[in-house]
Asks: 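Dropping the structure in here first, questions after.
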Amino acid sequence: MKAVSWNVNSVRTRFERVLGFLDRHQPDLLCLQETKVVDDDFPRQALEEKGWLIQAHGQKTYNGVALISKTPLADVGSGFLGDHIPEQARVIHGTLDGVRFINVYVVNGKEVGCDKYEMKLEWLDALQQWIAKDFADDTPTVILGDFNIVPDDRDIWDPEGWHEKILCSTPERKRLQNLLDLGFEDLHRLHTQEAGIYTWWDYRGGAFGRGFGMRIDLALGNAAAVARCSAVEVDRDERKKGDWEAKPSDHAPLIVSL
DNA sequence: ATGGTTGGTCGCCAA
């Protein structure tokens, strides 16, 4: 089975690229983040004409997640319980061929110490508690999406310059470790210890061309998922700017084979 | 300390 995570930075602006990606790769499941559209306005028609089924959980302007597959998903749900956390359309989950997928768009946090950063830590705590309560079983389970956390110094172009900065701070990495401590592994690291494999490059300053990237899109699997996982790959070509109007997302798709 | 680009929406906020 092939499952993909991709922060598309607006599904409407990126629609032709999403269609092209689905045609080329034919994944069993595509998990989108930052769809930035309410469910009623999700561009369904051209997808449904090609046999794709859509489960969307969106909001106006910000955030938004969706699951796209040809086989119907089981046990679909969106959001999660976190009493003090405002609902921001950041999570949708479903089960395909016995594998549970939890698609997450983690709070960015902007800058260490600001209100959004504190909210990010609280949100990650609530996510961890929710997964511990509802999903800590033997069902093959993958938590995948835009985590907005760089796992370690191999995963960023300038670890010294970003030391304890946003996406790299110890409290954020501790929250990622708390998720792993529930029995999950970073599936990417099952297959390579190489440094310099990234999934996101800033639009600004020609970051992609200069190699200024980070690995912040992750797939975490429990033991049953680890046993099935044969490969994790980044589709860097999708991030390239083919011509002046190609308009890539700032994230590349993460392709998980299991 | 900086950023200087993109998207949604239409003056900015968020990433």
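Residue numbers start from 1 in every chain, and the chains themselves are labelled A, B, ... in the order their sequence lines are given, proteins ahead of strands.
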Asks: Which value, in whole Å, describes the distance between the P atoms of nucleotides B:dA1 and B:dT5?
Replies: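 Each nucleotide's P atom is 23 Å from the other's.
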Asks: Starting at atom CH2 of A:Trp200, determine the distance to atom P of B:dT6, rounded to an integer number of angstrom.
Replies: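 Atom-to-atom, A:Trp200 to B:dT6, this comes out as 13 Å.
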Asks: The side chain of A:Glu34 is closest to which nucleotide in this list: B:dC13, B:dT5, B:dA15?
Replies: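 In terms of side-chain proximity for A:Glu34, the closest of B:dC13, B:dT5, B:dA15 is B:dA15.
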Asks: Given that A:Glu111 and A:Asn9 both sit by DNA chain B, which one's nearest nucleotide is further toward the 5' end?
Replies: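 Upstream on the strand: A:Glu111.
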Asks: Take the protein atom NE2 of A:His251 and the nucleotide atom P of B:dA14, then report the distance between them rounded to whole Å.
Replies: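 So the two atoms are 17 Å apart, to the nearest Å.
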Asks: Take the protein atom CE of A:Met214 and the nucleotide atom P of B:dA15, then report the distance between them rounded to whole Å.
Replies: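 To the nearest whole Å, that distance equals 14 Å.
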Asks: Using a heavy-atom cut-off of 4.0 Å across all strands, would you classify A:Asp202 as base, sugar-phosphate, or nothing?
Replies: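 If one applies the 4.0 Å heavy-atom cut-off, A:Asp202 turns out to touch a base.
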Asks: What is the distance from CG of A:Asp250 to P of B:dT5, rounded to the nearest Å?
Replies: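 For the pair A:Asp250 CG and B:dT5 P, the rounded distance is 14 Å.
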Asks: Output the rounded distance in Å from CG (A:Asn63) to C1' (B:dG7).
Replies: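 These atoms are roughly 13 Å apart.
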Asks: 5'-most contact on DNA chain B: A:Gly205 or A:Val11, nearest heavy atom basis?
Replies: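 Result: A:Gly205.
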Asks: Between A:Asp146, A:Asp186, A:Asp153, which is the residue that forms a salt bridge (charged side-chain N to carboxylate O under 4.0 Å, His left out) with A:Arg215?
Replies: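 Result for salt bridge (charged side-chain N to carboxylate O under 4.0 Å, His left out) with A:Arg215: A:Asp186.
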Asks: Measure CD/A:Gln59 against C1'/B:dA14 and give the value in whole Å, please.
Replies: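 So the CD-C1' distance, A:Gln59 to B:dA14, works out to 12 Å.
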Asks: Answer yes when A:Arg154 and A:Glu194 have at least one side-chain N-carboxylate O distance shorter than 4.0 Å, and no when they do not.
Replies: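 A salt bridge is absent here (no side-chain N lies under 4.0 Å from a carboxylate O).
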Asks: From the set B:dA15, B:dA14, B:dT6, return the single nucleotide nearest to any side-chain atom of A:Arg90.
Replies: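 Closest of the options to the side chain of A:Arg90: B:dA15.
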Asks: Taking 4.0 Å as the cut-off, does a side-chain nitrogen or oxygen of A:Arg14 come that near to OP1 or OP2 on B:dG7?
Replies: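 So the side-chain polar atoms of A:Arg14 do come within 4.0 Å of the phosphate oxygens OP1 or OP2 of B:dG7, strictly under.
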Asks: Describe the nucleic acid contact of A:Tyr105 in one word from base, sugar-phosphate, nothing, applying a heavy-atom distance below 4.0 Å.
Replies: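 Here A:Tyr105 touches the backbone only, sparing every base.
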Asks: Measure from the ring center of A:His93 to the ring center of A:Phe135 and say whether it is less than 6.0 Å.
Replies: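 Yes - the distance between ring centres of A:His93 and A:Phe135 falls below the 6.0 Å cut-off.
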Asks: Suppose we call two aromatic rings close when their centres sit under 6.0 Å apart. Are A:Phe80 and A:Trp123 close by that rule?
Replies: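 Centroid distance A:Phe80-A:Trp123: below 6.0 Å, so yes.
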Asks: Is there a side-chain polar atom (N or O) of A:Lys247 under 4.0 Å from OP1 or OP2 of B:dG7?
Replies: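 Result: yes.
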Asks: If you take the centroid of each ring, where Trp contributes its six-membered ring, are A:Trp6 and A:Phe21 closer together than 6.0 Å?
Replies: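 Yes, the ring of A:Phe21 comes within the 6.0 Å limit of the ring of A:Trp6, centre to centre.
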Asks: Round to the nearest Å and state the distance from A:Arg17 atom CZ to B:dG7 atom C1'.
Replies: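 The distance from CZ of A:Arg17 to C1' of B:dG7 comes to 15 Å, rounded to the nearest Å.
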Asks: For A:Lys116, answer base if it contacts any base atom (sugar-phosphate contacts may also be present), sugar-phosphate if it contacts only those atoms, and nothing otherwise; contact means non-hydrogen atoms under 4.0 Å.
Replies: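 Touches sugar-phosphate only.
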Asks: Could you state the OH-P distance from A:Tyr203 to B:dA14, rounded to the nearest angstrom?
Replies: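 Distance check: A:Tyr203 OH to B:dA14 P gives 18 Å.
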